[in-house]
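For the numbers below, each heavy atom of this structure counts, side chains included, while hydrogens, waters and symmetry mates do not.
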Amino acid sequence: MATKVYQLTANQIKDLQHKYQSYLVKTPPYAVFQAKLSKTTLTAYQSGKVVVQGQDIEEINLQLSKLGTSIEKKPTPNTQKTNGLPAGFASWSVVGSDEVGTGSYFGPLTVCAAYVSSDQISILKELGVKDSKSLSDKEIQALAKQLKELIPYKLLVLWPEKYNQVQTSHNQNAIKAKLHNQALALLTSQLQESNPELAIDAYLIDQFATPKSYFSYLKGTSTIIQDKVYFITKGESHHLAVAAASIIARDAFLQGLDSLSKDLSIILPSGAGANVDIVASEVLKFGGMDLLKKVAKVHFANTEKAVAIIQNS
């Protein structure tokens with residue numbers, strides 16, 4: 001599917017909207033209008049960018065080229081690599097994935113895959129999308145709400161009780177690999193169903209294992225996303241798709257931790273520090289190991305420390 005982006009003035013976009021009045025459909029977030037012709041979609045954004053996507057875009061391109069400035073498409077994947085990623089990668093249309101909760105004793109493990117198209121990157125920057133670790137909980141919650149309305153995503157939540165069952169036969173990296181792949185596969189299917197011609201330039205996974213180990217964990221999986229897949233640490237600094245996925249995943253983790261806390265009437269802290277050991281001992285006193293398994297990842301060393309606190313009290 002061909003894609004072309006133009007920069008127009010507000011008046012030019014208004015004239016364009018009038019011209020395609022009979023083709024208008026529901027307006028996406030942060031857009032002025034969207035028009036769908038037989039094989040072409042025309043979307044004008046509040047930023048002044050107009051995106052043309054489809055098979056028969058030559059005639060519209062000719063019209064728009066007379067009105068505004070064409071914004072050239074990003075480099076192809078064969079360009080020189082920087083930091084393990086192709087040059088210009090940050091401007092591609094990418095599905096990114098990240099997880100939250102792996103280092104926290106209490107709460108679920110959440111994994112999110114999010115799709116950010118090239119024409120949405122400037123919008124996400126304006127919203128303040130960045131590494132979730134640099135944002136407050138309130139900022140996370142506000143941004144997550146906006147992102148869920150703006151971009152396609154797939155969120156998976158593995159609650160402690162199920163996590164503990166799976167962990168007896170899979171190490172944490174294997175669990176994460178399967179969740180990342182599942183989120184990527186489900187989102188890809190969702191995107192292809194809504195638009196079979198949608199171009200996904202690449203997939204970017206916030207790296208937690210070597211590519212060789214990652215794919216070895218997926219042996220026997222029916223659907224594996226493996227083409228155009230890149231791995232890099234601190235992925236949120238290399239593409240906003242990973243940053244967006246991280247924000248949505250962290251919001252889900254915080255909601256999960258809050259939900260479990262309300263169920264127990266005990267505030268469950270995040271992390272795995274000494275304060276966590278004390279709270280874990282309180283949960284053990286209240287409901288034993290069966291209850292602890294419902295709210296915590298019991299293979300962490302915190303469990304032994306909590307037991308020791310009870311024994312020494």
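If you chain together hydrophobic residues whose side chains sit under 4.5 Å apart, I140 and V157 fall into the same group.
The 12-atom threshold is not exceeded at NZ of K154, counting heavy atoms of other residues, nucleotides or ligands nearer than 6.0 Å. Around atom NZ of K178, more than 12 heavy atoms belonging to other residues, nucleotides or ligands sit under 6.0 Å away. Dense packing is recorded around CD of Q226, with more than 12 heavy atoms of other residues, nucleotides or ligands lying under 6.0 Å away. The 12-atom threshold is not exceeded at CD1 of I267, counting heavy atoms of other residues, nucleotides or ligands nearer than 6.0 Å. With a 6.0 Å radius and a threshold of 12 heavy atoms from other residues, nucleotides or ligands, K36 has its NZ atom at or below the threshold.
Taking 4.5 Å as the limit, every side-chain heavy atom of T40 sits out of range of all side-chain heavy atoms of L42. L291 has its side chain within reach of L264: a pair of non-hydrogen atoms, C-beta onward, lies under 4.5 Å apart. The side-chain heavy atoms of L186 and L156, taken from C-beta on, include a pair separated by under 4.5 Å. Considering only heavy atoms from C-beta on, S118 comes within 4.5 Å of S93 through its side chain.
A side-chain donor-acceptor contact under 3.5 Å links N164 to the backbone of V298. A donor-acceptor contact shorter than 3.5 Å links the side chain of S261 to the backbone of L257. Proximity of a side-chain donor or acceptor of S97 to a complementary backbone N or O of A113 within less than 3.5 Å is not detected. With hydrogens and angles ignored, the 3.5 Å screen pairs a side-chain donor or acceptor of T188 with a backbone N or O of L184. Without hydrogens or angle criteria, D98 side chain to A245 main chain gives no donor-acceptor distance under 3.5 Å. The main-chain N or O of K297 is never found under 3.5 Å from a side-chain atom of Q167 such that the two would form a donor-acceptor pair. Side-chain atoms of D206 do not come within 3.5 Å of backbone N or O of T233 as any donor-acceptor pair. For K228 (side chain) and I200 (main-chain N/O), a donor-acceptor pair under 3.5 Å exists by modelled atom type. Looking at D119, its side chain never comes within 3.5 Å of a backbone N or O of V50 through a donor-acceptor pair. Side-chain atoms of Q141 do not come within 3.5 Å of backbone N or O of L254 as any donor-acceptor pair.
Atom-to-atom distance recorded for T102:OG1 and I175:CD1 is 10.5 Å, nearest 0.5 angstrom. Separation of atoms CG (N11) and CG (L16) is listed at 12.5 Å; rounding is to 0.5 Å.
For F33, the ring pair (Phe, Tyr, Trp, His ring centres under 6.0 Å) test picks out no residue, with sequence neighbours left out. Not counting sequence neighbours, H170 has no partner by the ring pair (Phe, Tyr, Trp, His ring centres under 6.0 Å) test. Under the ring pair (Phe, Tyr, Trp, His ring centres under 6.0 Å) criterion, Y217 pairs with no residue, sequence neighbours left out.
K294 has no carboxylate O lying under 4.0 Å from a charged side-chain N of D263, or vice versa, which leaves the two without a salt bridge. Taking 4.0 Å as the cut-off between side-chain N and carboxylate O, K19 and D15 do not count as a salt-bridged pair.
Residue pairs that meet the ring pair (Phe, Tyr, Trp, His ring centres under 6.0 Å) test with at least one member in residues 247-275, sequence neighbours left out, do not exist here. Every pair passing ring pair (Phe, Tyr, Trp, His ring centres under 6.0 Å) that includes a residue from residues 173-215 is listed here, sequence neighbours excluded: H180-F208, Y214-F231, F215-F231.
Between F300 and A272, the shortest heavy-atom distance links the atoms CD2-CB, 4.4 Å.
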Let me check something: any side-chain donor-acceptor pairs from residues 277-290 under 3.5 Å, sequence neighbours excluded? List them with distances.
{"from": "D277", "atom 1": "OD1", "to": "N302", "atom 2": "ND2", "distance (Å)": "2.7"}
{"from": "S281", "atom 1": "OG", "to": "I278", "atom 2": "O", "distance (Å)": "2.5"}

### Message
Go through it in stages, so that I can follow the logic: the residues are Y163 and Q172, the test is side chain to side chain donor-acceptor pair (under 3.5 Å), and I'd like the CA-CA distance, side-chain angles, deciding distance and then a yes or no.
### Response
CA-CA 9 Å; Y163 175 95; Q172 195 178 72; 2.9 Å; yes

